[in-house]
Amino acid sequence: VQLQASGGGLVQAGGSLRLSCVASGITLSTGAMGWFRQAPGKEREFVASIGWSVGITNYADSVKGRFTVSRDNAKNTTYLQMNDLKPEDTAVYSCGVGPCSLILLGVAEYWGRGTLVTVSS
């Protein structure tokens, strides 16, 4: 099983980025895919998740209204559209898959290598 996150980069505050996470070696039919981030010197935190079968989404309070998570079942891919980015959003963003309840707790069965997002002020 491999998860590959991509789409990170350097952006000015107020800008947008779209991250992608492709899962291979696994058929996603249940559970959820989550997005997480870890800023320098801080612990990893939950950002957003989407249930694979029904598409229920969850967001951390810090990103509600600015980030949108979506999925393409046919491509085993989720997207994290990030708008109105702030310097405090700077972090390595990674994706993980697992049971919905565990994803919300920051636990995944499989993790992907992260992608760096840097937001300049």
- Query: What is the distance from atom CD of Gln4 to atom OG of Ser20, rounded to the nearest 0.5 Å?
  - Reply: 10.5 Å

- Message: Show, in sequence, the C-alpha distance, side-chain angles and deciding distance for Met82 and Val117, and conclude whether the side chain to side chain contact (heavy atoms under 4.5 Å, CB included) test is met.
- Response: CA-CA 10 Å; Met82 306 186 296; Val117 172; 3.8 Å; yes

- Task: Answer yes if Val63 and Phe46 sit in the same cluster of Ile, Leu, Val, Met, Phe, Trp and Tyr residues linked by side chain heavy atoms under 4.5 Å apart, and no otherwise.
- Result: no

- Message: Can you tell me how far apart OG (Ser94) and CZ (Arg37) are? Round to the nearest 0.5 Å.
- Response: 11.5 Å

Taking distance alone, no hydrogens or angles, what donor-acceptor pairs closer than 3.5 Å link side-chain atoms of residues 47-54 to residues at least two apart or in another chain?
| unit_1 | atom_1 | unit_2 | atom_2 | d |
| --- | --- | --- | --- | --- |
| Trp52 | NE1 | Leu28 | O | 2.8 |

- Message: Testing the basics here: between Ile103 and Ala108, what is the closest heavy-atom pair and its distance to 0.1 Å?
- Response: CD1-CB, 3.9 Å

- Can any side-chain N or O of Thr90 pair as donor or acceptor with the backbone N or O of Val119 at less than 3.5 Å? yes

- Item | Test: Lys64 and Asp61 ion pair at under 4.0 Å | yes

- Message: Is it the case that atom OH in Tyr59 sees more than 12 heavy atoms from other parts of the structure closer than 6.0 Å?
- Response: yes

- Do Trp35 and Leu85 sit in the same hydrophobic cluster, where Ile, Leu, Val, Met, Phe, Trp and Tyr count as joined when their side-chain heavy atoms come under 4.5 Å apart? yes

- Task: Measure centre to centre between the rings of Phe36 and Trp111, then say whether the value is under 6.0 Å.
- Result: yes

- Task: With rounding to the nearest 0.5 Å, note down the distance linking CZ in Phe67 to OG in Ser16.
- Result: 9.5 Å

- Message: Return the CZ to OG1 distance between Arg66 and Thr68, rounded to the nearest 0.5 Å.
- Response: 11.0 Å

- Query: Can you tell me how far SG of Cys21 sits from CG of Asn76, rounded to the nearest 0.5 angstrom?
  - Reply: 9.5 Å

- Query: How about Ile56: does its CD1 atom have over 12 heavy atoms from other parts shown lying under 6.0 Å from it?
  - Reply: no

- Take atom CD in Gln2; do more than 12 heavy atoms of anything else shown fall under 6.0 Å from it? no

- Can Met33 be reached from Leu19 by stepping across I, L, V, M, F, W or Y side chains whose heavy atoms are under 4.5 Å apart? no

- Note on the structure: Applying salt bridge (charged side-chain N to carboxylate O under 4.0 Å, His left out) to Glu109 and not counting sequence neighbours gives none

- Would you kindly confirm whether Tyr79 and Leu3 end up in one hydrophobic cluster when ILVMFWY residues are joined by side chain heavy atoms under 4.5 Å apart? no

- Message: Please report the interatomic distance CZ(Arg18) to CG(Leu80), rounded to the nearest 0.5 Å.
- Response: 10.5 Å

